[in-house]
2 protein chains.
Amino acid sequence: MEKTDEIDRRILNVIQVDAALSQRDIADRVGLSQNALWRRLKRLDEAGFIQGARTRLNAAQLGLDLTVFVMVRTRNHSVEWAEGFRKHVARIPEVQELHRIGGDWDYMLKVVTRGMSGYDAVYRRITTGIELDTVTGLFSMEAMLEDRPLNVFG
Amino acid sequence: MEKTDEIDRRILNVIQVDAALSQRDIADRVGLSQNALWRRLKRLDEAGFIQGARTRLNAAQLGLDLTVFVMVRTRNHSVEWAEGFRKHVARIPEVQELHRIGGDWDYMLKVVTRGMSGYDAVYRRITTGIELDTVTGLFSMEAMLEDRPLNVFG
DNA sequence: GTTGAAACACCCTCAAT
DNA sequence: ATTGAGGGTGTTTCAAC
């Protein structure tokens, strides 16, 4: 595993917040020449720290106004069943995340969709064609903090 | 609220997956000239559909190997308390999301940190200096799906 | 690590269709 | 909506220090 120094982390922290900055601007912010920055960026990229850039869209404006965390309990805890479940929910584009968790529940999904009717359709897709024990939804009434950058320091 | 047609949604779907594509490449993928694409991108941006670009980092390689969903129950359900709680957790950089939810719990936080000792420190920061009723953590043992694009169609 | 420069790609705008 | 072209900016790779 490659190492990162303080400047590397400042670079990563800048670009994870704004991927549209020019190398000139990034270099100024972290106190490097554009040339030196370019070499560090290339190294960080080749070492696997950087996993591409994404454009963030306004979900609400696209009608995607409902976020639901879906808790799932199952009786089958085999690796095979888990992989089948992963493939099952991977086909549902409204599913943003799927975690295998410990505690009272076995899996947690984050679903972003169009209102309650959209969620109803997603719920039916999740529960159809696969055997689940218990399913319940925790509805987000307000996203008070969202999409924050990773804590690359500390 | 501005409207989007099929081509707009295809554009948004392309750039939300890869923000590093040139306008030339995007135009080819959606079947437009570079010039026409530029005008649509400008319109979509000015209409507020686009909220900037972010570089995605390899959390595990940065040592951020533990994801915990923290469930919080409180006795105070006033708007003022909620805003104070938001400011309280906003100071903790390991908190990726904070949702006010319905059901058995009042709030849910997504925390990404460095192992159990990192989570312990975050847990103490969350529960210190503010009155919470019940706090419990759901530990992600495996992120089976993560960071998926929004469903801009349908 | 730095500056400077050259070659190339990309972005933005405009003219013409 | 399209192609084509020009100027300005950004990226990538040099050489020299």
Side-chain angles (χ1 to χ4, degrees), chain A residues 1-59 61-63 147-154, chain B residues 1-59 61-63 147-154:
Chain A
M1 173 108 64
E2 300 274 338
K3 293 202 74 176
T4 54
D5 63 12
E6 176 67 20
I7 297 180
D8 284 337
R9 303 205 167 215
R10 286 167 63 190
I11 293 170
L12 293 173
N13 200 43
V14 167
I15 64 177
Q16 80 168 331
V17 172
D18 189 352
L21 287 171
S22 70
Q23 293 184 5
R24 176 77 267 141
D25 286 340
I26 304 167
D28 288 345
R29 294 196 190 192
V30 301
L32 286 178
S33 68
Q34 183 268 330
N35 199 318
L37 172 73
W38 179 83
R39 271 173 284 163
R40 279 181 184 259
L41 277 177
K42 190 182 177 188
R43 183 173 54 74
L44 289 167
D45 187 24
E46 288 170 350
F49 288 100
I50 294 169
Q51 299 188 314
R54 289 216 175 162
T55 303
R56 223 149 52 91
L57 303 181
N58 187 334
Q61 195 162 352
L62 288 161
D147 225 348
R148 302 181 88 207
L150 292 171
N151 179 30
V152 299
F153 305 106
Chain B
M1 173 105 65
E2 301 273 340
K3 294 202 74 178
T4 55
D5 63 11
E6 176 67 19
I7 298 180
D8 283 338
R9 303 203 167 216
R10 286 167 62 188
I11 294 170
L12 293 173
N13 200 44
V14 168
I15 64 177
Q16 81 168 330
V17 172
D18 189 352
L21 287 171
S22 70
Q23 293 184 3
R24 175 78 265 140
D25 287 339
I26 304 167
D28 289 344
R29 294 196 192 193
V30 302
L32 286 178
S33 67
Q34 184 266 331
N35 199 316
L37 172 74
W38 179 82
R39 271 172 282 164
R40 279 182 186 259
L41 277 177
K42 190 183 176 189
R43 183 173 53 75
L44 289 167
D45 187 24
E46 289 172 349
F49 287 101
I50 294 169
Q51 298 188 315
R54 290 215 175 163
T55 303
R56 225 149 52 91
L57 303 181
N58 188 334
Q61 196 162 354
L62 288 161
D147 225 348
R148 303 181 88 207
L150 292 170
N151 179 30
V152 298
F153 304 106

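Lettering of chains follows the sequences in order, A, B, ..., and the numbering in each one begins at 1.
- Out of D/dT2, C/dT3, C/dG1, the shortest distance to the side chain of A/Ala36 is found at C/dG1.
- Ion pairing between a basic and an acidic side chain is recognised when a charged N comes within 4.0 Å of a carboxylate O; B/Asp25 and B/Arg29 show no such pairing.
- One can place CG of A/Leu41 at 16 Å from C1' of C/dG1, the figure rounded to the nearest angstrom.
- Nucleic acid contact class of A/Arg39 (heavy atoms, under 4.0 Å, all strands): base.
- Checked against B/Leu32 for a side-chain contact (heavy atoms from CB on, under 4.5 Å), the options B/Gln23, B/Arg10, B/Arg40 give a single hit: B/Arg40.
- The salt bridge (charged side-chain N to carboxylate O under 4.0 Å, His left out) check on A/Arg43 picks up A/Asp8, with sequence neighbours excluded.
- In terms of the salt bridge (charged side-chain N to carboxylate O under 4.0 Å, His left out) criterion, residue partners of A/Arg56 (sequence neighbours excluded) are, by chain and number, A/Asp147.
- Nucleotide D/dA1 holds its P atom 11 Å from the CG atom of B/Leu37, rounded to whole Å.
- Using a 3.5 Å distance cut-off with no hydrogens or angles, the side chains of B/Asn35 and B/Arg39 do pair a donor with an acceptor.
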**Prompt:** For every nucleotide of nucleotides 4-17 of chain C, 5' to 3': is a protein heavy atom under 4.0 Å from its base (B), only from its sugar-phosphate (S), or from neither (-)?
**Reply:** B-----SSBBB---
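- B/Gln16 places a side-chain N or O within 3.5 Å of a backbone atom of B/Leu150 that can act as its donor or acceptor partner.
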